[in-house]
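Structure record follows, encoded as structure tokens.
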There are 2 protein chains.
Amino acid sequence: MLSQTVEYALRAATYLATVPKQSRTVDQIAEVTHVPVAYLSKVLQQLVREEIVISRRGTGGGFMLARPPEKLRVLEIVQAVDPIERITTCPLGLAAHGKRLCPLHRRLDNALAEMERAFAASTLAEILAEPTKSVPLCNFPAAATCR
Amino acid sequence: MLSQTVEYALRAATYLATVPKQSRTVDQIAEVTHVPVAYLSKVLQQLVREEIVISRRGTGGGFMLARPPEKLRVLEIVQAVDPIERITTCPLGLAAHGKRLCPLHRRLDNALAEMERAFAASTLAEILAEPTKSVPLCNFPAAATCR
DNA sequence: GCATAACCGGATATTGACATCCGATTGAGG
DNA sequence: CCTCAATCGGATGTCAATATCCGGTTATGC
């Protein structure tokens with residue numbers, strides 16, 4: 001339902017949000033987020049192209065959020081790596097009819113719209129600010145307690 | 001986001017709902033729904049196993065809804081062919097911690113829950129009953145007007 | 001009981017998502 | 001300007017989703 005790539009991108013972004021304005025190398029991010037390092041590198045490149053993240057090469061380089069966590073919504077990260085494709089025309093491969101969807105596809109598209117809304121509703125900052133008492137599992141920077 | 005298989009299963013089920021208690025052959029269903037016939041056959045077999053649809057072999061056989069359209073929810077068809085996998089434990093591959101999700105995965109799972117809710121909200125009967133005036137595109141049995 | 005209609009199940013492409021590898025490029029620091 | 005650290009980009013490998021094919025099985029009707 002949600003692609004691995006989205007999951008990886010969100011983990012990376014969430015981690016970077018815990019150290020805003022600082023950069024981390026692919027290897028560092030991979031270790032904390034448990035994402036295969038080579039693939040994570042590709043995912044981060046996508047985030048760079050979409051200007052979610054900024055990269056710097058060379059010594060002391062790495063990846064850094066392009067904006068403060070308050071200004072980064074989960075939806076933006078999803079759309080950057082694996083966009084939610086809304087249904088805008090009848091998928092039956094029919095040419096000559098307008099933009100109106102049949103009741104079935106209207107409902108499917110509504111469900112997709114719900115997803116978008118849900119993802120647009122949170123920023124990375126909100127995710128990190130959440131109290132999340134009682135064993136903050138999978139939570140950064142408490143990653144050490146997570147294994 | 002939604003798999004082809006789900007799309008195909010829903011088209012087939014929606015079509016069968018327009019002729020409840022009657023059976024249609026794979027070829028008939030494939031023609032109306034514009035789904036590749038060989039693959040549709042596999043999808044229908046899945047629906048048979050999940051008791052969404054009943055099959056009969058031999059002359060006059062085919063596929064038929066197992067229940068009246070009022071009793072068939074979109075969600076059931078989705079779950080039959082490509083189940084929505086809710087996030088029940090931290091996906092970071094960590095063994096020794098409970099069932100509690102971190103804020104990030106809590107939100108992702110909430111989005112999945114929204115999808116489930118959206119799909120559970122409609123029955124096939126409701127989809128067919130919708131007024132859908134003004135060129136009922138992609139709509140059965142007006143399939144002829146659809147091409 | 002034979003011919004025909006239709007689904008069933010297994011074997012086999014094909015395609016895109018996921019993943020790896022490595023040489024090229026860029027930047028920092030002495 | 002040389003070395004080292006790090007990303008970048010292209011080539012390649014793997015696997016599950018999609019899709020096809022066909023022989024086997026079951027049911028109908030004569």
Side-chain angles (χ1 to χ4, degrees), chain A residues 1-13 16 19 22-66 78-85 91 93, chain B residues 1-13 16 19 22-66 78-85 91 93:
Chain A
M1 201 73 218
L2 296 173
S3 71
Q4 274 299 96
T5 306
V6 163
E7 167 76 27
Y8 293 165
L10 287 172
R11 284 189 210 169
L16 287 178
V19 289
Q22 297 177 37
S23 75
R24 292 290 184 269
T25 68
V26 179
D27 293 86
Q28 290 172 327
I29 302 170
E31 184 175 16
V32 175
T33 59
H34 294 83
V35 173
V37 76
Y39 191 65
L40 178 61
S41 157
K42 298 296 187 194
V43 175
L44 285 167
Q45 279 175 46
Q46 293 183 67
L47 294 180
V48 168
R49 273 182 234 114
E50 301 296 324
E51 301 183 329
I52 306 288
V53 145
I54 289 170
S55 65
R56 277 175 52 95
R57 301 200 201 190
T59 311
F63 297 89
M64 183 174 65
L65 283 192
V78 173
Q79 298 297 53
V81 297
D82 188 11
I84 295 177
E85 309 247 12
Chain B
M1 199 73 218
L2 296 173
S3 72
Q4 272 301 95
T5 306
V6 163
E7 167 77 25
Y8 292 165
L10 287 172
R11 285 190 209 170
L16 288 178
V19 289
Q22 296 177 38
S23 75
R24 290 290 184 271
T25 67
V26 178
D27 293 86
Q28 290 172 327
I29 302 171
E31 185 175 16
V32 175
T33 59
H34 294 83
V35 174
V37 74
Y39 191 65
L40 178 60
S41 157
K42 298 297 188 193
V43 175
L44 285 167
Q45 280 174 45
Q46 293 183 67
L47 293 181
V48 168
R49 274 182 233 112
E50 300 297 324
E51 300 184 331
I52 305 289
V53 145
I54 289 170
S55 65
R56 277 177 51 95
R57 300 200 201 192
T59 310
F63 296 90
M64 182 173 67
L65 283 192
V78 172
Q79 298 296 54
V81 298
D82 188 12
I84 295 176
E85 309 247 14

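Letters A, B, ... are given to chains in the order of the sequence lines, protein chains preceding strands, and every chain is numbered from 1. Remember, predicted model here, so these are calculated numbers, not experimental data.
Listed pair A/T5 / C/dC18 meets the phosphate criterion, a side-chain N or O lying under 4.0 Å from OP1 or OP2. For B/S55, a side-chain nitrogen or oxygen approaches OP1 or OP2 of C/dC8 to under 4.0 Å.
When all heavy atoms are compared, the tightest approach of B/V26 to B/L40 is O-CD2, 3.9 Å. Nearest heavy-atom pair, A/G61 versus A/T25, reported as atom, atom and distance to 0.1 Å: O-CG2, 3.9 Å. Closest of all the heavy-atom pairs between A/L47 and A/A80 is CD2-CB, 3.9 Å.
For the pair B/Q22 CD and C/dA6 P, the interatomic distance rounds to 15 Å; values are reported in whole Å. C/dG9 atom P lies 12 Å from atom CD of B/Q46, rounded to whole Å. Between B/Q45 atom CD and C/dA11 atom C1' there is a gap of 14 Å when expressed in whole angstrom units. Atom pair B/Q28:CD and C/dC7:P shows a separation of 9 Å (rounding to whole Å applied). What separates CZ of B/R24 from P of C/dA6 is a distance of 12 Å, to the nearest Å. We find that CZ of A/R11 is positioned 13 Å from P of C/dC18, with the value rounded to whole Å. Distance CZ (B/F63) to P (C/dC7): 5 Å, rounded to an integer number of Å. At whole-Å resolution of the value, CG in B/D27 and P in C/dA6 are 8 Å apart.
For the pair B/E7 and B/L2, the minimum side-chain heavy-atom distance is 4.5 Å or more. Taking the side chain as every heavy atom from C-beta outward, B/I29 and B/V35 never approach each other to under 4.5 Å. Residues A/T33 and A/Y8 have side chains not in contact (no heavy-atom distance under 4.5 Å, counting atoms from C-beta outward). Using a 4.5 Å cut-off on side-chain heavy atoms (C-beta onward), A/L65 and A/V53 make contact.
Between B/L16 and the choices B/M64, B/R24, B/R11, the side-chain contact (heavy atoms from CB on, under 4.5 Å) rule is met once, by B/R24.
Side-chain contact, B/D82 with B/T5: no donor N or O sits under 3.5 Å from an acceptor N or O.
Along DNA chain C, the nucleotide nearest to A/Q4 and the one nearest to B/L44 differ in position, and the one closer to the 5' end is contacted by B/L44.
A nucleotide of DNA chain D counts as in contact with chain B when one of its atoms lies under 4.0 Å from a heavy atom; the first and last such, 5' to 3', are D/dT18 to D/dT28.
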Each nucleotide N or O in nucleotides 26-30 of chain C that has a protein N or O under 3.5 Å away: list the pair and distance.
from   : atom 1 : to    : atom 2 : distance (Å)
C/dT26 : O4'    : A/R57 : NH1    : 3.3
C/dG27 : N2     : A/T59 : OG1    : 3.1
C/dA28 : OP1    : A/R56 : NH2    : 2.5

